[in-house]
Every structure is written in C-alpha cells, then in structure tokens.
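Structure record follows, encoded as structure tokens.
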Amino acid sequence: VDLYFLDRFPAAARPFYTMPAPDDPDYSNSYDIFLRGEEICSGAQRIHDPSMLEEAIAAKGVAVGPALSTYIESMRYGMPPHGGAGIGLERLV
C-alpha cells in the first residue's frame, strides 16, 4: 500500500488540546497520513470548549501558566470547532 491513513489515535498518545472522539474518549479525533512508508502529514481537531480544555490539561498533569490561562480565557468569548494539519516539505522530498 503506497498511501494510507491512520485515524483515531489513543487519546493518551496525543497532546492535551486534541479533541476526544465523540463516541469513545479513549480515542482522539486525530490522524496521520503515510506515503510509501513515511509520515507526510499529521492533523487533529482541537478542543474548543474551555471547560473541556481545563479538564484535559488537568488529566495530563500540565501546569496552567500565564500563556495557557490566556488561551483558555480567549475561548470563553466563543471559539468555533477547528483543527489543522502539519505537512512538512522535508517529509515529501
């Protein structure tokens, strides 16, 4: 297989800001794309609810400093569902 997708990583293997899967919180809404055996892209939906984010941060044992406090507070004004992907040129060449 030259191209394949890995979907729904275990939540424990993802950063605190990764959205859990809606049907099983042990998994996450995240993925990797592989081409010819090399990872070319990683992506995930991020948590956009401030209360859920605070719970995820506490569960991972991450300290909430000034930067994370500001990030969480900004979500209280409204944050749409969002996600992203990281594609590195060095992964393709």
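The residues of the chain are indexed from 1 along the displayed sequence.
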To the nearest 0.5 Å, what is the distance between [atom1] on [X] and [atom2] on [Y]?
X: Tyr71; Y: Tyr17; atom1: OH; atom2: OH; result: 8.5 Å
X: Thr70; Y: Met75; atom1: OG1; atom2: CE; result: 12.0 Å
X: Ser30; Y: Asp7; atom1: OG; atom2: CG; result: 7.5 Å
X: Asn29; Y: Thr18; atom1: CG; atom2: OG1; result: 9.5 Å
X: Ser74; Y: Met79; atom1: OG; atom2: CE; result: 4.5 Å
X: Asp49; Y: Arg76; atom1: CG; atom2: CZ; result: 9.0 Å

Requested in this report: Decide if atom CD of Glu73 counts as having more than 12 heavy atoms of other residues, nucleotides or ligands within a radius under 6.0 Å.
Outcome: yes

Query - side-chain contact (heavy atoms from CB on, under 4.5 Å) partners of Asp23, counting only residues at least two apart - result: Arg8, Ala21

Requested in this report: Please lay out, stage by stage, how Ile87 and Ile40 fare under the test side-chain contact (heavy atoms from CB on, under 4.5 Å).
Outcome: CA-CA 6 Å; Ile87 302 173; Ile40 61 168; 5.6 Å; no

Shortest non-hydrogen contact from [X] to [Y]?
X: Gln45; Y: Pro81; value: NE2-CB, 4.1 Å
X: Asp32; Y: Gly43; value: OD1-N, 4.5 Å
X: Cys41; Y: Ala85; value: SG-CB, 3.7 Å

Query raised in the report: Are Tyr27 and Tyr31 connected in a single hydrophobic cluster, I mean Ile/Leu/Val/Met/Phe/Trp/Tyr linked by side-chain heavy atoms less than 4.5 Å apart?
Result: no

Requested in this report: State yes or no: do Ile72 and Tyr77 share one hydrophobic cluster built from I, L, V, M, F, W and Y residues joined by side-chain heavy-atom distances below 4.5 Å, directly or via other members?
Outcome: no

**Report entry** Given His82, Arg46, Arg14, Met52, the one that forms side chain to side chain contact (heavy atoms under 4.5 Å, CB included) with Met19
**Finding:** Met52

Requested in this report: Could you walk me through whether Lys60 and Glu54 pass the salt bridge (charged side-chain N to carboxylate O under 4.0 Å, His left out) test, one step at a time?
Outcome: CA-CA 10 Å; Lys60 293 277 188 176; Glu54 288 172 325; over 6 Å; no

Query raised in the report: Is any side-chain heavy atom of Leu68 less than 4.5 Å from a side-chain heavy atom of Ile57?
Result: yes

Query raised in the report: Are the aromatic ring centres of Tyr4 and Phe34 under 6.0 angstrom apart?
Result: yes

